[in-house]
Amino acid sequence: MGGGGRVAKVEIQQKKPLSRVPNTKPPFTVGQLKKAIPPHCFQRSLLTSLSYVVYDLSLAFIFYIATTYFHLLPHPFSLIAWPIYWVLQGCILTGVWVIAHECGHHAFSKYPWVDDVVGLTVHSALLVPYFSWKISHRRHHSNTGSLDRDEVFVPKPKSKVAWYTKYLNNPLGRAASLLITLTIGWPLYLAFNVSGRPYDGFASHYHPYAPIYSNRERLLIYVSDVALFSVTYLLYRVATMKGLVWLLCVYGVPLLIVNGFLVTITYLQHTHYALPHYDSSEWDWLRGALATMDRDYGILNKVFHHITDTHVAHHLFSTMPHYHATEATNAMKPILGEYYRFDDTPFYKALWREARECLYVEPDEGTSEKGVYWYRNKY
């Protein structure tokens with residue numbers, strides 16, 4: 001209030017929506033982007049990468065040790081401590097998951113066999129079929145933004161959307177869909193290819209003869225399955241000794257949070273009204289790689305090793321280690337210009353918004369760009 005008793009008018013500026021990523025051929029090449037990045041950003045240090053693994057696993061172990069003292073806390077603090085543990089452990093283990101993901105890209109070290117040993121061990125401990133997913137994820141990177149060949153979260157044109165989808169386009173239906181997606185979406189994708197690219201035949205990450213894989217890749221699927229069977233048997237033995245409830249509290253719920261974050265991160269990286277998708281008549285690798293959104297997860301950016309806010313760089317140079325990705329992103333921005341997008345909307349708000357606005361894709365009407373598709377939400 002001013003000295004004269006008048007109430008000052010405060011103008012609240014609305015946040016300007018992000019404009020669409022240009023869908024024309026970029027005026028730069030991958031080589032030019034690479035030259036803009038300091039050469040050391042492409043160097044992979046085994047010791048540095050291992051230090052992140054040791055740091056994350058040390059925190060996870062400390063959190064686990066803390067649970068052994070929960071029974072000493074007075075009521076109701078002993079009950080409140082468990083949800084805090086679940087969230088903290090789930091976040092830390094998501095970071096561990098991201099490091100194993102880097103192993104699959106051979107961004108962990110200069111030694112492919114080391115990357116595979118670390119990746120297989122860590123991902124198997126989190127019930128991920130390492131080689132199976134590594135192969136399909138590599139194809140995702142080779143075909144990002146393609147409506148015909150991308151591997152996961154491939155949007156559908158309006159004509160192919162399921163008939164019941166329009167009945168879920170309301171707050172209650174949206175909440176139910178998100179709950180299912182965040183809790184069992186990841187295992188459903190691995191087991192039954194739900195939300196994945198359509199294949200002829202049964203496409204499962206656990207099936208060595210699934211159409212996802214070539215003949216020379218099938219042995220690696222067996223290796224992934226054996227590793228998962230071994231971990232599952234170990235978990236069974238732990239459950240018989242410590243009890244199923246103990247196992248669910250210490251391991252199961254944090255793993256559920258890891259899976260939820262994984263789905264959230266992947267979904268938000270590739271789902272936004274400003275991002276185009278292309279059919280085979282328009283798609284090329286560079287434009288597809290640029291159809292990716294960097295997001296802001298606050299302090300979790302660091303916990304998740306910046307897979308959230310440097311994903312554009314990751315798609316352009318997937319063998320770059322995460323600890324150089326922020327520097328590389330900043331170095332590329334002047335060249336990327338309008339082809340770079342960053343959305344600082346809190347991830348939980350963005351998740352709800354994208355679930356409301358990004359329901360199917362269609363080309364713009366009245367344009368010659370028939371192979372460029374944009375998200376829509378009107379039925």
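Keep in mind the model is a prediction, meaning the values are calculated, not measured. Every heavy atom of this structure was used, including side-chain atoms; hydrogens, water molecules and symmetry mates were not. Note that the numbering runs from 1 along the sequence shown for the chain.
Taking 4.5 Å as the limit, some side-chain heavy atom of R174 sits within range of a side-chain heavy atom of R356. By the 4.5 Å heavy-atom criterion applied to side chains, V30 and W285 are counted as neighbours. Side-chain atoms of V372 and P363, non-hydrogen and from C-beta on, never get closer than 4.5 Å to each other. Side-chain atoms of Y375 and E357, non-hydrogen and from C-beta on, never get closer than 4.5 Å to each other. Residues H277 and P155 form a side-chain contact, since some pair of their non-hydrogen atoms from C-beta on lies under 4.5 Å apart. Within the 4.5 Å cutoff, no side-chain heavy atoms of I99 are placed close to those of S49. Contact annotation: the side chain of H140 approaches that of H270 to within less than 4.5 Å [non-hydrogen atoms, C-beta and beyond]. Under the 4.5 Å side-chain criterion, counting only non-hydrogen atoms from C-beta, S224 is in contact with S132.
Taking each heavy atom of G95 and H305 in turn, the nearest pair found is O-CD2, 3.2 Å. Across every non-hydrogen atom of T292 and L275, the tightest pair is N-CD2, 3.7 Å. C91 and L300 make their closest contact through SG-CD2, 3.8 Å (heavy atoms, listed as atom of the first residue, atom of the second, distance). Between M332 and L316, the shortest heavy-atom distance links the atoms SD-CD1, 3.8 Å. Nearest heavy atoms, A325 versus A313: O-CB, 4.4 Å. Closest heavy-atom contact between G90 and T94: O-OG1, 2.7 Å.
Aromatic ring orientation, Y340 versus F342: parallel (interplanar angle below 30°, classes split at 30° and 60°). Relative ring orientation between H105 and H101 is described as perpendicular, the plane-to-plane angle rising above 60° on a 0-90° scale split at 30° and 60°.
For the residue pair N301 / D296, a side-chain donor-acceptor distance below 3.5 Å is found, with atom types taken as modelled. There is no side-chain donor-acceptor pair under 3.5 Å between R197 and S136. Inspection of the E327 and H40 side chains reveals an N or O donor paired with an N or O acceptor under 3.5 Å. In this structure, a donor-acceptor pair under 3.5 Å is present between the side chains of S214 and E217.
A side-chain donor-acceptor contact under 3.5 Å links H71 to the backbone of T68. With hydrogens and angles ignored, the 3.5 Å screen pairs a side-chain donor or acceptor of S204 with a backbone N or O of A191. Between the side chain of R218 and the backbone N or O of P208 there is at least one donor-acceptor pair closer than 3.5 Å. S78 places no side-chain N or O within donor-acceptor distance of the main-chain N or O of H75, the cut-off being under 3.5 Å. At least one donor-acceptor pair closer than 3.5 Å links the side chain of N170 to the backbone N or O of Y167. Panel note: side chain R139, backbone I212; a donor-acceptor pair is recorded below 3.5 Å. With hydrogens and angles disregarded, a donor-acceptor distance shorter than 3.5 Å links the side chain of R44 to the backbone of H106. In this structure, E338 contributes its side chain and R20 its backbone to no donor-acceptor pair below 3.5 Å.
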For this session: Given salt bridge (charged side-chain N to carboxylate O under 4.0 Å, His left out), test R149 with D279 step by step and report yes or no.
Result: CA-CA 9 Å; R149 298 185 59 82; D279 68 15; over 6 Å; no
Exercise. Please walk me through it: do W82 and F70 pass ring-ring contact (aromatic ring centres under 6.0 Å, His included)?
Worked result: CA-CA 8 Å; W82 277 108; F70 286 176; 5.0 Å; yes
For this session: Could you walk me through whether Y379 and V161 pass side-chain contact (heavy atoms from CB on, under 4.5 Å), step by step?
Result: CA-CA 10 Å; Y379 285 104; V161 172; 3.7 Å; yes
For this session: Evaluate the criterion side chain to side chain donor-acceptor pair (under 3.5 Å) for residue pair R138 and S318; output intermediate values, then yes/no.
Result: CA-CA 10 Å; R138 182 179 64 212; S318 60; over 6 Å; no
For this session: For side-chain contact (heavy atoms from CB on, under 4.5 Å), just list the numbers for W246 and V238, CA-CA rounded to whole Å, side-chain angles, deciding distance to a tenth of an Å, and then say yes or no.
Result: CA-CA 9 Å; W246 182 92; V238 170; 3.6 Å; yes
For this session: Dump the intermediate steps for salt bridge (charged side-chain N to carboxylate O under 4.0 Å, His left out) on D343 and K349, then the final yes or no.
Result: CA-CA 11 Å; D343 191 336; K349 291 184 178 181; over 6 Å; no
Exercise. Are H315 and T144 close enough, and set up right, to give a side chain to side chain donor-acceptor pair (under 3.5 Å), and what steps lead you there?
Worked result: CA-CA 8 Å; H315 264 272; T144 306; 3.2 Å; yes
Problem set entry | Trace of the salt bridge (charged side-chain N to carboxylate O under 4.0 Å, His left out) decision for D116 with K134 | CA-CA 10 Å; D116 284 339; K134 169 186 172 180; 3.1 Å; yes
For this session: Mind running ring-ring contact (aromatic ring centres under 6.0 Å, His included) on F347 and Y297 for me, showing each step along the way?
Result: CA-CA 6 Å; F347 73 89; Y297 284 63; 4.8 Å; yes
For this session: Would you sort out whether I221 and I135 count as a side-chain contact (heavy atoms from CB on, under 4.5 Å), showing the intermediate values?
Result: CA-CA 9 Å; I221 315 308; I135 293 168; 4.0 Å; yes
Exercise. Run the side-chain contact (heavy atoms from CB on, under 4.5 Å) check on E354 and H272 step by step: do they pass?
Worked result: CA-CA 6 Å; E354 269 47 294; H272 195 284; 3.8 Å; yes
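Here OG1 of T264 is found 11.5 Å from CD1 of I257. Values are rounded to the nearest 0.5 Å. Distance OH/Y273 to OG1/T271: 13.5 Å, rounded to 0.5 Å. Rounded to the nearest 0.5 Å, atoms NE2 (H123) and SG (C103) are 8.0 Å apart.
For the pair R287 and Y278, the cation-pi test (distance below 6.0 Å, angle within 45°) is passed. Taking the ring centre of Y360 as origin, the terminal cationic atom of K160 falls outside the region bounded by 6.0 Å and 45° from the ring axis.
When the side chains of ILVMFWY residues are joined at heavy-atom separations under 4.5 Å, either directly or via intervening members, V117 and L50 end up in a single hydrophobic cluster. Clustering ILVMFWY residues whenever any of their side-chain heavy atoms sit less than 4.5 angstrom apart, transitively, puts V128 in the very cluster that holds L235. Following chains of ILVMFWY side-chain contacts shorter than 4.5 Å, one can reach W352 starting from F261, so the two form part of one hydrophobic cluster. L351 and L359 fall into different hydrophobic clusters, where Ile, Leu, Val, Met, Phe, Trp and Tyr are joined by side-chain heavy atoms under 4.5 Å apart, directly or via other members. Cluster membership for I180 and L172, using ILVMFWY side-chain heavy atoms within less than 4.5 angstrom, is not shared.
Here the rule is ring-ring contact (aromatic ring centres under 6.0 Å, His included) with H322, and of Y52, F317, F304, F108 only Y52 fits it.
In this structure, the ring of Y339 has its center less than 6.0 angstrom from the ring center of F28. Between W97 and W133, the distance separating the two ring centers is shorter than 6.0 angstrom. Ring pair H306/Y323: centre-to-centre distance not below 6.0 Å. Aromatic pair Y267/F153: centroids less than 6.0 angstrom apart.
Within a 6.0 Å sphere centred on NZ of K333, heavy atoms belonging to other residues, nucleotides or ligands number more than 12.
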